[in-house]
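One structure below.
These numbers come from a predicted model, not from an experiment. All chains are named by letter (A, B, ...) in the order of the sequence lines, taking the proteins before the strands, and each is independently numbered beginning at 1.
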Number of protein chains: 2
Amino acid sequence: MTETGLREAKRRATAHALAEAAFDLAVERGVDGFTIDDVAARAGYSRRTFANHFSCKEEAITGLAVERLREGLETMPEVPEDTPLLDWLMALARHQLSGGMLPLLQQLRHLAVDHHGLEPYLADVQLQIRRTAQDAVSARAGSNVSRLSSHILVGAAYGALMAVLDGRVPIRHPGDTSEGLTVDEFLTTVFTHLRRGF
Amino acid sequence: MTETGLREAKRRATAHALAEAAFDLAVERGVDGFTIDDVAARAGYSRRTFANHFSCKEEAITGLAVERLREGLETMPEVPEDTPLLDWLMALARHQLSGGMLPLLQQLRHLAVDHHGLEPYLADVQLQIRRTAQDAVSARAGSNVSRLSSHILVGAAYGALMAVLDGRVPIRHPGDTSEGLTVDEFLTTVFTHLRRGF
DNA sequence: CACATCATTGCCCAATGGGCAATATTTCCC
DNA sequence: GGGAAATATTGCCCATTGGGCAATGATGTG
């Protein structure tokens, strides 16, 4: 499934360097305060190579988040086969959010405020998050849960995450001002909600 | 809130003409089988005017769906003040899906298969659908429903819709082959599910 | 080691985005 | 109604971008 060779590792390293350069430049100068050439130069690659990895600036800027999503899947620890689906989904959510994914997404949303052109690519990241969770759930659910209801379940959890990203539910990060729930409290609240139903 | 003057009407007309031209060309020739100049020419406007309305081809192609979403909101019929939130959300969903929105979204997804660059813009449309529903629900829910749970509810309904768009749940259109549920049966199933909880 | 595969790069050019200014139309206010 | 302000359309122009092609070098396979 997943490539493991040296070649693939180098490819990922290149993509990472480019994505990081793009993200940093976006934070420093704003999304339209730099060109693709600037990104390539900072990362130490040619503009042509940039085009081999990303279709545009915006895709590169969101690249770190996509990367982290994929890595989160690869490093997801094993859980007992008979773990209830809801518990497992909560574990997946906790694992994904533990690696600084949330602040990253929030910063991307902040960038999107000033540069509307980033929105679609951020929307795509969010879509990939939902799809990733959906695929994982579908694969694990088997025939225990009907197809449609698993989509409803994932959508519900996704909706809660979006509430955070849209700033409707404040979250308190480790070294943050003391407003809102911690990530763990948030997850507990959400999944308690899901368990009890509407 | 919504502009109603002649100027705004004309502006919408040009945007519609451009979006329609872009969508039709995409269906006829594929997403990369034409240029922005082609779109402008077919709609009878200049390339420069196209740029005043859309940032790129992809945004124009999905323009019809965004338009329809906005119109759906504007034409949403009034319902009694004391209608339960779930019933109201179902009415909103039915109203939005009644205007041929579903086939349009499905065709866009079909286009995105061959042209990956369309994905982010389609993802953005889907994000706007969820946000639109969320804003409407939040505005109507008032303090009846806690903030977070309304997001979970909308997310759940959204997840069901995505199951359809992802082709996981077949839907039968009026003059279609007889496989899957009708839109009404689908909505009934979903909202029965939501009512009963997990 | 020989060969196939693939990432990086330069070269090149069509396509794109976006600023600026001119013109035409709509809106606003008197 | 009439004049002024706002704004949609357009042409002009050029920096930026996307992507094909071929050369080169690194990686994987037998």
Side-chain angles (χ1 to χ4, degrees), chain A residues 1-22 25-26 29-63 67 112 114-121 124, chain B residues 1-22 25-26 29-63 67 112 114-121 124:
Chain A
M1 173 74 84
T2 314
E3 299 281 348
T4 55
L6 207 172
R7 178 174 281 166
E8 177 65 11
K10 280 196 173 183
R11 180 174 178 78
R12 285 189 183 185
T14 307
H16 178 80
L18 287 167
E20 196 167 40
L25 278 170
R29 310 185 197 170
V31 177
D32 26 39
F34 62 100
T35 71
I36 290 183
D37 289 286
D38 296 334
V39 179
R42 171 178 289 217
Y45 291 94
S46 71
R47 182 171 75 83
R48 194 60 189 77
T49 294
F50 178 96
N52 286 338
H53 288 269
F54 303 101
S55 69
C56 61
K57 249 191 333 187
E58 286 79 10
E59 186 179 326
I61 293 172
T62 60
E67 215 175 85
D114 297 314
H115 183 74
H116 188 66
L118 190 59
E119 274 283 347
Y121 294 87
D124 192 46
Chain B
M1 173 73 84
T2 316
E3 299 281 348
T4 54
L6 207 173
R7 176 175 283 165
E8 177 66 13
K10 279 195 173 182
R11 179 174 178 78
R12 286 189 183 184
T14 39
H16 177 80
L18 287 167
E20 196 167 40
L25 278 170
R29 309 187 199 171
V31 176
D32 26 38
F34 62 99
T35 70
I36 289 183
D37 289 286
D38 296 333
V39 178
R42 172 180 287 218
Y45 291 94
S46 71
R47 182 172 73 85
R48 194 62 189 73
T49 294
F50 178 96
N52 287 338
H53 288 269
F54 303 102
S55 68
C56 62
K57 248 191 329 188
E58 287 78 10
E59 186 178 326
I61 292 171
T62 59
E67 216 174 82
D114 297 313
H115 183 74
H116 189 66
L118 190 58
E119 275 282 349
Y121 294 88
D124 193 46

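A donor-acceptor contact under 3.5 Å is formed by the side chain of R7(B) with the base of dT26(C).
In this structure, the CZ atom of R47(B) is 10 Å from the C1' atom of dG18(C), given to the nearest Å. Nucleotide dT16(C) holds its C1' atom 13 Å from the NZ atom of K57(A), rounded to whole Å. Atom CD of E58(B) is separated from atom P of dT16(C) by 9 Å (rounded to the nearest Å). Rounded to whole angstrom, the span from the CZ atom of F54(B) across to the P atom of dG17(C) amounts to 12 Å. Following rounding to the nearest Å, I36(B) (CD1) and dG17(C) (C1') show an atom-to-atom distance of 8 Å. With rounding to whole Å, D32(B) atom CG is found 15 Å from dT16(C) atom C1'.
Nucleic acid contact class of D37(A) (heavy atoms, under 4.0 Å, all strands): sugar-phosphate only.
A heavy-atom distance below 4.5 Å is found between the side chains of T62(B) and L118(B). Residues L25(A) and V31(A) fail the side-chain proximity criterion, which asks for heavy atoms closer than 4.5 Å.
The 5' end of DNA chain D is approached more closely, in terms of each residue's nearest nucleotide, by A15(B) than by the other of A15(B) and S55(A). Of the two residues near DNA chain C, R11(A) and R48(B), the one whose nearest nucleotide lies more 5' is R11(A). Each of Y45(A) and L6(B) was assigned the nucleotide of DNA chain C with the nearest heavy atom; the assignment lying further toward the 5' end belongs to Y45(A). If F34(A) and T14(B) are placed on DNA chain D by their nearest nucleotide, the residue sitting closer to the 5' end is T14(B).
For H53(A) and dT8(C), the shortest distance from a side-chain N or O to OP1 or OP2 is below 4.0 Å. Residue T49(A) places at least one side-chain N or O closer than 4.0 Å to OP1 or OP2 of dT9(C).
Checked against a 6.0 Å centroid threshold, the rings of F54(B) and Y121(B) do not count as neighbours.
Taking a cutoff of 4.0 Å between a charged side-chain nitrogen and a carboxylate oxygen, D38(B) and R29(B) qualify as a salt bridge.
A43(A) and A17(A) get closest at one heavy-atom pair: CB-O, 3.8 Å. Nearest heavy atoms, E119(A) versus A112(A): OE2-CB, 4.1 Å.
In this structure, a donor-acceptor pair under 3.5 Å is absent between the side chains of H53(B) and E59(B).
If you walk DNA chain D from 5' to 3' and mark each nucleotide with an atom closer than 4.0 Å to a heavy atom of chain B, the marks span dA6(D) to dC13(D).
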